[in-house]
Amino acid sequence: MDRYVRVEQAKTEQSSIIDNEVRIMAAGQVRNYITYATSLLTEKGHEAVTLKGMGRAINKTVTIAEIIKRRIPNLHQLTEIGSVNITDTWEPLEEGLNTLETTRHVSVISITLSTLELDTSKPGYQQPLPEEQVKPLQEGPPRRTRAPVGSQLRGRGRGQGMGRGRGLDPGASGSADIAAQLSDINLNPPIPQPANTETPPYSLATSFVGSSSQH
């Protein structure tokens, strides 16, 4: 395909996103998604939140759901998996070549977390985690501050100040909390890996072609 260039697809009008829906993108920050989805359940009064991801964002979507379940108790989960075909158009860079079209089979996922019981008969249902596995995030994390010169909070840098290494950081509680919860996560069942390497513009609200029972 060295003699072709892919034509950028015009963004189709996406269906309106409902208030409790969060669309996960591969380039987005995990912390921002977690904060927003958590606020929907704890501050904005929603009984459920739906996380939707596609292609390379599938693993991130599952990770975010698992962290939220460990921050908010008694969350029921319902996972639905589907797929969508994406057609790409390639224009030739040399004369005499024809325009090509290729089709990619891309996986999509939708995870609903609800404080109310969901349909337990569906294969993607998971009951709430045990209470001992839920550790609510502490409010008001300390701000990130510099260590005073000459203190014992030294890293690997030169001199007596705070070095460039991994010294103690009182403001890193948010990242440390996420990392600690990630280490305890067991992604079960495994999520199918997408076949493509790029995530095109899409609308998950209209892209699903079936649930996990179809695969």
- Message: If you count heavy atoms of other groups shown closer than 6.0 angstrom to CD of Gln133, is the number above 12?
- Response: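 Enclosed: over 12 neighbouring heavy atoms sit under 6.0 Å from CD of Gln133.
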- More than 12 foreign heavy atoms under 6.0 Å from CD of Glu95: is that the case here?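 No, CD of Glu95 has 12 or fewer neighbouring heavy atoms, counting only those of other groups under 6.0 Å.
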With [X], which residues qualify under side-chain contact (heavy atoms from CB on, under 4.5 Å), at least two apart?
X	value
Ala37	Val22, Val49, Leu51, Ile68
Pro92	Tyr4, Leu97, Thr99
Leu116	Glu47, Ser114
Thr103	Asn85, Thr87

Interatomic distance, [X] atom [atom1] to [Y] atom [atom2] [nearest 0.5 angstrom]:
X	Y	atom1	atom2	value
Leu75	Thr112	CG	OG1	11.5 Å
Asn98	Glu91	CG	CD	10.5 Å
Met54	Ser83	CE	OG	9.5 Å
Glu43	Thr35	CD	OG1	9.5 Å
Thr61	Arg23	OG1	CZ	12.0 Å
Thr115	Ile72	OG1	CD1	9.0 Å

- Task: Tell me, with the steps shown, if Leu100 and Thr89 meet side-chain contact (heavy atoms from CB on, under 4.5 Å).
- Result: CA-CA 6 Å; Leu100 300 179; Thr89 302; over 6 Å; no
- Query: Taking C-beta and beyond as the side chain, do Asp19 and Lys44 meet within less than 4.5 Å on heavy atoms?
  - Reply: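 Contact flag for Asp19/Lys44 side chains = no.
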- Query: Is there a side-chain contact between Glu80 and Lys122 (heavy atoms, below 4.5 Å)?
  - Reply: yes
- Task: Return the set of residues passing salt bridge (Lys or Arg N to Asp or Glu O under 4.0 Å) with Glu94 (not counting sequence neighbours), or none when no residue passes.
- Result: Arg3
- Message: The criterion is salt bridge (Lys or Arg N to Asp or Glu O under 4.0 Å); which residues satisfy it with Lys60, sequence neighbours excluded?
- Response: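 Listed in chain order: nothing, the list is empty.
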- Item | Nearest heavy atoms of Asp88 and Arg104, plus distance in Å | OD2-NE, 2.6 Å
- Message: If we check side-chain contact (heavy atoms from CB on, under 4.5 Å) with Ile111, which of these qualifies: Thr50, Thr79, Ile64?
- Response: Thr79
- Query: Would you say Val30 and Ile24 are hydrophobically clustered, going by side-chain heavy atoms of ILVMFWY under 4.5 Å?
  - Reply: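 Val30 clusters together with Ile24.
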- Message: Count I, L, V, M, F, W, Y as connected when their side-chain heavy atoms are under 4.5 Å apart, and connections chain through other members. Are Leu78 and Leu41 then in the same cluster?
- Response: no
- Please test Thr42 against Arg71 for side-chain contact (heavy atoms from CB on, under 4.5 Å), starting from the C-alpha separation and ending with a verdict. CA-CA 11 Å; Thr42 60; Arg71 289 189 174 183; over 6 Å; no
- Task: Kindly determine whether Val134 and Arg70 satisfy side-chain contact (heavy atoms from CB on, under 4.5 Å), including the steps that lead there.
- Result: CA-CA 4 Å; Val134 180; Arg70 284 162 173 78; 5.7 Å; no
- Item | Non-neighbouring partners of Asp119 that pass side chain to side chain donor-acceptor pair (under 3.5 Å), sequence neighbours left out |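 Here the qualifying residues are Ser121.
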- Query: Mind checking what makes side chain to side chain donor-acceptor pair (under 3.5 Å) contact with Thr38, not counting sequence neighbours?
  - Reply: none
- Indicate yes or no for a side-chain donor-acceptor contact from Tyr33 to the backbone of Met25 under 3.5 Å, with no hydrogens or angles considered.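 Between the backbone of Met25 and the side chain of Tyr33 there is a qualifying donor-acceptor contact (under 3.5 Å).
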- Item | Non-neighbouring partners of Tyr125 that pass ring pair (Phe, Tyr, Trp, His ring centres under 6.0 Å), sequence neighbours left out |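 Residues passing ring pair (Phe, Tyr, Trp, His ring centres under 6.0 Å) with Tyr125: His76.
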- Task: Please list all pairs passing the ring pair (Phe, Tyr, Trp, His ring centres under 6.0 Å) test where one or both residues lie in residues 34-58, with sequence neighbours left out.
- Result: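 Not a single pair qualifies under ring pair (Phe, Tyr, Trp, His ring centres under 6.0 Å).
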